[in-house]
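A note on names: the letters A, B, ... follow the listed sequences, proteins ahead of strands, and every chain is numbered from 1.
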There are 2 protein chains.
Amino acid sequence: MGKPPTIADVASLAGVHKATASRALNPRTSDQVNAKTARRVLMAAKRLGYQPNALARSLRTNRSATLGVLIPDLTNPLFPLVVRGIEDTIGAHGYTALLANTDNDPLRTQTQFDALLSRKVDGFLIASAMRDDPLLTRVAEQGIPVVLINRTTDAPLFPAVTGDDEAGVATAVEHLVGLGHRHIAHLSGPATVSTGLVRAQAFHHAIAAHSLPEVVVECASYSESAGAAAASCLLEEHPETTAILAGNDMIALGVLQALSERGLDCPREISLIGFNDMLFVDKLTPPLTTVHVPHHRLGAEAAQLLLDQLAGADSTPKRVSLPLRLVVRGSTGSAC
Amino acid sequence: MGKPPTIADVASLAGVHKATASRALNPRTSDQVNAKTARRVLMAAKRLGYQPNALARSLRTNRSATLGVLIPDLTNPLFPLVVRGIEDTIGAHGYTALLANTDNDPLRTQTQFDALLSRKVDGFLIASAMRDDPLLTRVAEQGIPVVLINRTTDAPLFPAVTGDDEAGVATAVEHLVGLGHRHIAHLSGPATVSTGLVRAQAFHHAIAAHSLPEVVVECASYSESAGAAAASCLLEEHPETTAILAGNDMIALGVLQALSERGLDCPREISLIGFNDMLFVDKLTPPLTTVHVPHHRLGAEAAQLLLDQLAGADSTPKRVSLPLRLVVRGSTGSAC
DNA sequence: GACGATAACGCAATCGATTGCAGCCACGCA
DNA sequence: TGCGTGGCTGCAATCGATTGCGTTATCGTC
């Protein structure tokens, strides 16, 4: 119940100076002390249940073995998996993740970021980047290591790990065309984030390659409600549409809702493809055809990149693009 | 790009001693310094973009304004919402949450806990408690403030915020009985966690009150696969079953899977009730009837309790039990 | 027996902020 | 003029660990 033991307690129990105890306890420096003494110190530490004070250590060493993770929305089932990938990777290297929800809110992002910064995290993994992110340009100047996840900035400020959206969209469109669809619409994510823009551009290319009419409606956000609103608008203005490529699975959920409201059957009357393959979309009715993103690996690779950078590798901002694959389920069918 | 400014930089720019700068910057002590000087310091701080070093502060004050949060499984959509409740509450009081996934693994829990402890969190919010948790009994001795969420320990070591499982199960059973079911089975969660046990006991009482036969199969974990396994076993041994109360929604998902494998229709042949009302279960086919748990409030109330405790309120371990309500959707129907 | 080399360890500064205590100054009052 | 009072501010210790540098002890060698 008393205060937790400090290294001074360990040292005096072992009959040595704090400095010696410190060296004995640290694997990196333990060869600077006599093996016998080291054992005594170790025993003493065990006896007292000594746990080093991470704060004090970080203050002195200027390294916290902690990484800040910025997530736009933890309630989107996509991100917990990414987080797992991060934790699995950094945990093995003795790092801990400090999670923060930004809620896609710039102010909140700023606050959270500052909180992490003042806790002296060694680097950041950021999944909440906007294409033109004032925060990130400021961060770039600070020189603190950052790796972007899933979303990138327009300016190539940082290394990033993303899915190969280009290819993902292409195969999705291919699939729909193969089923005979000629009126394919895209409900894009917000153009303020890179995934929204990139997927819309990819859609443009894929559609143009088949000389089909291009219809795109931009959603206000990656959410079910925004998806539903956009879908309503689309169905109103383009009743000829027979297939929809959603900007992500949340938007696809909104589409399903809009469809059922209008009594349109999916996939008989309208085919639908999502993006991300998040948890549970295989349990919808119909099970959602979607572009699978390797969430866990997304986090893991990004974490690895950051660890490399912290270990002093070259910091040329390379961009890693992970292969995506289309998972065909029940929400797509042949055009009537 | 140079090192971030310290309070010494601010002080020298303002032409005062560090101590004065410190007092000027801290609202609690700023009345100890001349208003004019205080303004000078504030200006200097702003000019330099000064951010206090939280590590140094915590080291000195022995308070970190950080709370540790232990989550058994972040990928269960239940918990992100709880986390949001926590963050919303503590954020308003200047606290930050340090999240850790325990994966329901005692070793990992221990590791994560130690990591948080060595970072000197001011208290813990623990959603991963086991009924007889060696970690927690040790923690209780340390005297660090803890509030349990959702799950409790057998020994009343800590305050806790849970759902009123008793009443929740009762109304669920009531609902099924009202639909004419007489062969109701319970697929309980693991008896090693309080929710598993409490709901099973509540089921026992509710069934006994109606003098119905009691069938309970315990699942190995709160997971879809364990639920499916238990459901198979149940349907094998008790084919007369017409209704199932699942220990939680994940288990219910497993049940749905087992049912569809056997070609049994829900709700026509078997009715099913889940527990938690987690994200997306309203989108299943059939939409799941389930007991709604106020996730956000669960986290918020627990956080408030912890904050109270930190603010020095009495620490008599009170237990808060939040009202639950049955959400009737499509997975329950009248017995044939 | 003196000297240099090497291993083992102790000393004290340091990281950045907080805070009890003491000093200083100005002012008021006798 | 002397003294008390109170408002501001500075000094220095402190939190717990790390680390450059200096000191001591030990041993081998000539």
Side-chain angles (χ1 to χ4, degrees), chain A residues 2-42 44-45 48-66 94 114 117-122, chain B residues 2-42 44-45 48-66 94 114 117-122:
Chain A
K3 293 277 149 275
T6 73
I7 201 168
D9 300 327
V10 174
S12 76
L13 177 57
V16 297
H17 192 266
K18 312 188 301 174
T20 307
S22 170
R23 282 188 273 255
L25 260 8
N26 189 329
R28 195 173 44 79
T29 53
S30 63
D31 54 354
Q32 295 174 26
V33 8
N34 185 297
K36 255 195 158 70
T37 334
R39 261 202 306 280
R40 264 213 328 280
V41 173
L42 257 8
L48 296 177
Y50 169 71
Q51 286 291 124
N53 183 324
L55 264 41
R57 169 181 295 164
S58 302
L59 179 59
R60 174 64 222 248
T61 61
N62 211 22
R63 304 198 26 224
S64 60
T66 301
D114 287 344
L117 205 54
S118 81
R119 285 186 173 74
K120 300 292 166 186
V121 296
D122 295 335
Chain B
K3 293 277 150 275
T6 72
I7 200 168
D9 299 327
V10 174
S12 78
L13 177 56
V16 297
H17 193 267
K18 311 186 303 173
T20 307
S22 171
R23 283 189 273 255
L25 259 9
N26 188 329
R28 195 173 44 79
T29 52
S30 63
D31 53 356
Q32 296 173 26
V33 6
N34 186 298
K36 256 195 156 71
T37 331
R39 261 202 305 281
R40 265 214 326 281
V41 173
L42 257 9
L48 296 177
Y50 168 71
Q51 287 290 124
N53 183 325
L55 264 40
R57 168 180 295 165
S58 302
L59 180 59
R60 175 63 222 248
T61 60
N62 212 21
R63 303 198 27 223
S64 60
T66 301
D114 288 344
L117 205 54
S118 82
R119 286 187 172 75
K120 301 291 166 187
V121 296
D122 295 336

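Looking at every heavy atom in both residues, A:Leu25 comes nearest to A:Tyr50 through CD2-CE2, 3.9 Å. For the pair B:Pro52 and A:Ser118, the tightest heavy-atom approach, listed with the atom from each and the gap, is O-CB, 3.4 Å.
Listed by chain and residue number, A:Pro5, A:Thr6, A:Leu48 satisfy the side chain to side chain contact (heavy atoms under 4.5 Å, CB included) test with A:Asp9 (two or more places apart in sequence, or in another chain). Legend: residues meeting side-chain hydrogen bond (donor to acceptor under 3.5 Å, both in side chains) with A:Arg60, ordered by chain and number and at least two apart, are absent. Taking B:Asn53 as the reference, nothing meets the side-chain hydrogen bond (donor to acceptor under 3.5 Å, both in side chains) condition, with sequence neighbours excluded.
Between A:Arg40 and A:Val16 there is a side-chain heavy-atom pair separated by less than 4.5 Å.
Listed by first and then second residue, the side-chain hydrogen bond (donor to acceptor under 3.5 Å, both in side chains) pairs involving residues 17-30 of chain B amount to none (not counting sequence neighbours).
In the helix from C:dG1-D:dC30 to C:dA30-D:dT1, the terminal helix axes, each the rotation mapping four pairs' C1' atoms onto the next four within five end pairs, subtend 70°, rounded to 10°.
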Item to check | Protein-to-nucleotide contact annotation, 5' to 3' order, nucleotides 9-19 of chain D [B base; S sugar-phosphate only; - none; under 4.0 Å, heavy atom] | outcome: BBBBBBBBBBB

